Structures are given as C-alpha cells and as structure tokens.
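Only one structure is covered here, and it is reproduced in the block below.
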Amino acid sequence: MPRRLPRSFYRRDPQTVARALLGHRLVRQVDGRRCAGVIVETEAYLGVRDKAAHTFGGRQTARNQTMWGDCGCLYVYFTYGMHHCANVVAGRAGDPVAVLLRALDPTDGLDAMRDRRQRDVDLCSGPARLCQALAIDRSLDGLDLVKSTKLFIEPPPSRSPAPQRIVTAPRIGVQYAGAWARKPLRYYVKGNPHVSRV
DNA sequence: AGAGTGATCATG
DNA sequence: ATGATCACTCTC
C-alpha cells in the first residue's frame with residue numbers, strides 16, 4: 001500500500017491545507033506507469049463567501065457536487081472548452097471549500113508527461129498543464145485521494161529536508177471577483193522554477 | 001495581445 | 001432554449 005495523507009489532513013480550513021500541501025507528492029498511476037511531482041503551488045477557495053469560488057453564494061450544481069462532499073476527494077472541472085483543473089476538497093462536509101493544484105515539480109514519469117503534453121517544457125506549471133501531464137480529467141472527479149491507488153498524495157520521507165520558504169500572493173485569473181481577487185490565497189515555494197508565474 | 005474551444009450556468 | 005462566461009494555454 002502506498003503512503004498517503006490521511007483524511008484528517010484535509011479536514012482543515014482551505015488556507016491551512018493549501019499551505020500544508022506544498023512539499024507533498026502528487027502520484028498518478030495510469031496504464032501501469034507512475035507519474036509524480038512535488039506540489040509547489042496551490043490556491044485556496046473559501047466556499048460560499050468567496051466570490052471567486054464555484055460554490056459562491058451557495059451554488060450547488062452538477063459540476064461542483066464534489067466540493068459539497070467529503071474532504072480528501074478530488075474535484076475536477078472542465079473549462080474554456082479544452083482544459084481540466086484539479087482541486088482537493090478540504091474542510092468539513094457541507095462546507096464547500098477546496099484547494100486548486102496549480103503546479104508540480106515533476107519527479108517521475110517525465111517521458112509520459114512529455115508525450116501527453118507534446119512538449120518538453122512546462123510539463124506541470126499551471127493547473128491545466130499538470131492535469132494534462134498526469135492524465136487527469138472529469139472521469140476522476142470525486143475520486144478519493146485517501147483510498148485510491150490511481151491518484152493519491154504521498155508525504156515526504158520522514159527524514160525530510162529543511163522546511164521550504166512559502167510565499168503568498170493574489171490568486172491568478174479571478175479578476176472578476178473584486179476584492180476577493182486581491183486576497184493572498186495563492187501559495188507557492190519561493191524560488192522554485194516550476195511555479196506557474198512569479 | 002488575441003484566438004481557441006465547448007461545457008456550464010443563469011436567465012427566461 | 002439561448003447567450004455569456006470561463007479558477008487556461010498557446011502563439012504571435
């Protein structure tokens with residue numbers, strides 16, 4: 001059995017989870033091949049009060065159903081007619097908050113990622129890029145990261161390196177959200193070259 | 001800076 | 001039913 005983060009890790013406010021996720025490894029098993037990367041960039045979405053969140057104002061739709069369920073599950077949405085983005089559901093069931101996975105530092109299965117991305121660079125630097133690299137789409141929506149072997153999050157080795165410096169910044173691509181767009185709800189590892197933008 | 005792309009959503 | 005929008009990416 002793979003080592004995985006427990007449910008309790010996710011059952012916290014999304015800002016805490018977004019920050020804590022940095023440095024853990026997202027692992028994808030597909031076609032008997034392993035692809036993985038260290039999470040280096042995330043964003044917190046605060047639910048019904050957050051104008052930038054899909055669940056703002058209590059919206060509950062076919063698309064965002066997963067956000068209303070148990071923490072530790074994957075919320076995948078499709079946008080712009082071609083891109084998928086992946087979130088981890090946080091908080092308590094009924095509080096529809098989540099953390100968007102924005103970038104990985106790729107560590108395993110780079111060849112498969114290059115095949116899927118049709119590129120040698122920017123394999124996992126951006127929410128839709130990392131989904132393409134790891135073959136994540138709507139069919140994985142609702143998947144339980146605490147139990148699945150197809151996709152899960154692995155803690156770093158117990159003898160972990162020195163804690164990394166974390167930067168906060170406004171979230172990307174949510175300018176329509178007014179004051180909520182300016183809140184520092186984006187988290188990334190300072191100096192890491194795989195962060196989607198600085 | 002502009003185009004691409006179609007599911008999704010709020011309106012009616 | 002319909003039209004506007006979109007937690008993005010690529011190319012110029």
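Labels below follow one simple rule: chain letters A, B, ... track the order of the sequence lines, proteins then strands, and each chain is numbered from 1. Quick caveat, the model's predicted, so the values are computed rather than measured.
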Look at the side-chain N and O atoms of [X] and state whether any lies under 4.0 Å from the OP1 or OP2 oxygen of [N].
| X | N | answer |
| --- | --- | --- |
| Y77(A) | dC6(C) | no |
| R119(A) | dT11(C) | yes |
| R102(A) | dC8(C) | yes |

Checklist entry - Is there a donor-acceptor contact under 3.5 Å linking the side chains of R102(A) and T42(A)? => result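 No.
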Checklist entry - Within 45 degrees of the axis of the six-membered ring of F9(A) and under 6.0 Å from its centre: does R4(A) put its NZ or CZ there? => result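 No, R4(A) does not lie over the aromatic ring of F9(A).
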Item to check | Worked verdict on R171(A) versus D50(A) for salt bridge (Lys or Arg N to Asp or Glu O under 4.0 Å) | outcome: CA-CA 12 Å; R171(A) 293 174 294 183; D50(A) 178 358; 2.7 Å; yes
Checklist entry - Are any of the side-chain nitrogens in R92(A) or D70(A) under 4.0 Å away from the carboxylate oxygens of its partner? => result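 Judged by the 4.0 Å cut-off on N to carboxylate O distance, R92(A) and D70(A) do not form a salt bridge.
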Next on the checklist: Check R34(A) with E154(A), please: is the shortest side-chain N to carboxylate O separation under 4.0 Å?
Outcome noted: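 Counted as a salt bridge, because a side-chain N and a carboxylate O are separated by less than 4.0 Å.
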Item to check | Whether F78(A) and H84(A) hold their rings parallel, tilted or perpendicular, with breakpoints at 30° and 60° | outcome: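 Tilted.
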Checklist entry - Does any residue of residues 47-55 of chain A have a heavy atom under 4.0 Å from DNA chain C, and if so, which ones, in number order? => result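 Of all residues in residues 47-55 of chain A, the ones placing a heavy atom under 4.0 Å from DNA chain C are A52(A), H54(A).
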Checklist entry - Are any side-chain N or O atoms of N87(A) and backbone N or O atoms of V89(A), one a donor and one an acceptor, separated by less than 3.5 Å? => result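 No, the answer is negative, given that no donor and acceptor are paired below the 3.5 Å cut-off.
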Item to check | Backbone of L134(A) reached by a side-chain donor or acceptor of R28(A) within 3.5 Å | outcome: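 Side chain of R28(A) to backbone of L134(A): a pair is present.
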Please report the distance, rounded to the nearest Å, between [atom1] in [X] and [atom2] in [N].
| X | N | atom1 | atom2 | result |
| --- | --- | --- | --- | --- |
| R197(A) | dT9(C) | CZ | P | 9 Å |
| H83(A) | dA7(C) | NE2 | P | 12 Å |
| Y75(A) | dA7(C) | OH | P | 9 Å |
| D137(A) | dC8(C) | CG | C1' | 16 Å |
| R116(A) | dT9(C) | CZ | P | 17 Å |
| R171(A) | dC6(C) | CZ | P | 14 Å |

Checklist entry - Counting any heavy atom closer than 4.0 Å, what does D122(A) reach on the DNA or RNA strands: base, sugar-phosphate only, or nothing? => result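 Contact class for D122(A): none.
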Next on the checklist: Counting the atoms with a prime plus P, OP1 and OP2 as sugar-phosphate, which does R186(A) contact under 4.0 Å by heavy atoms, base, sugar-phosphate, or nothing?
Outcome noted: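 It contacts nothing in the nucleic acid.
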Item to check | B/S/- contact track for nucleotides 6-12 of chain B, protein heavy atom under 4.0 Å | outcome: BSSSS--
Next on the checklist: Return whichever of N87(A) or R129(A) has its heavy-atom-nearest nucleotide of DNA chain C closer to the 5' end.
Outcome noted: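 The residue whose closest nucleotide sits nearer the 5' end is N87(A).
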Checklist entry - If a stem is a run of at least 3 consecutive Watson-Crick or G-U pairs, both distances under 3.5 Å, which stems include DNA chain C? => result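 Stem list for DNA chain C: B:1-4 with C:8-11, B:6-11 with C:1-6.
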Next on the checklist: Please check if the number of heavy atoms outside Q65(A) that lie under 6.0 Å from its CD is greater than 12.
Outcome noted: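 Enclosed: over 12 neighbouring heavy atoms sit under 6.0 Å from CD of Q65(A).
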Checklist entry - How about R3(A): does its CZ atom have over 12 heavy atoms from other parts shown lying under 6.0 Å from it? => result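 Counting other residues, nucleotides and ligands, CZ of R3(A) exceeds 12 neighbours.
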Next on the checklist: Quick check on the hydrophobic clustering: are L46(A) and Y187(A) connected, directly or via other members, by side-chain heavy-atom contacts under 4.5 Å?
Outcome noted: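 Per the 4.5 Å side-chain linkage, L46(A) and Y187(A) are co-clustered.
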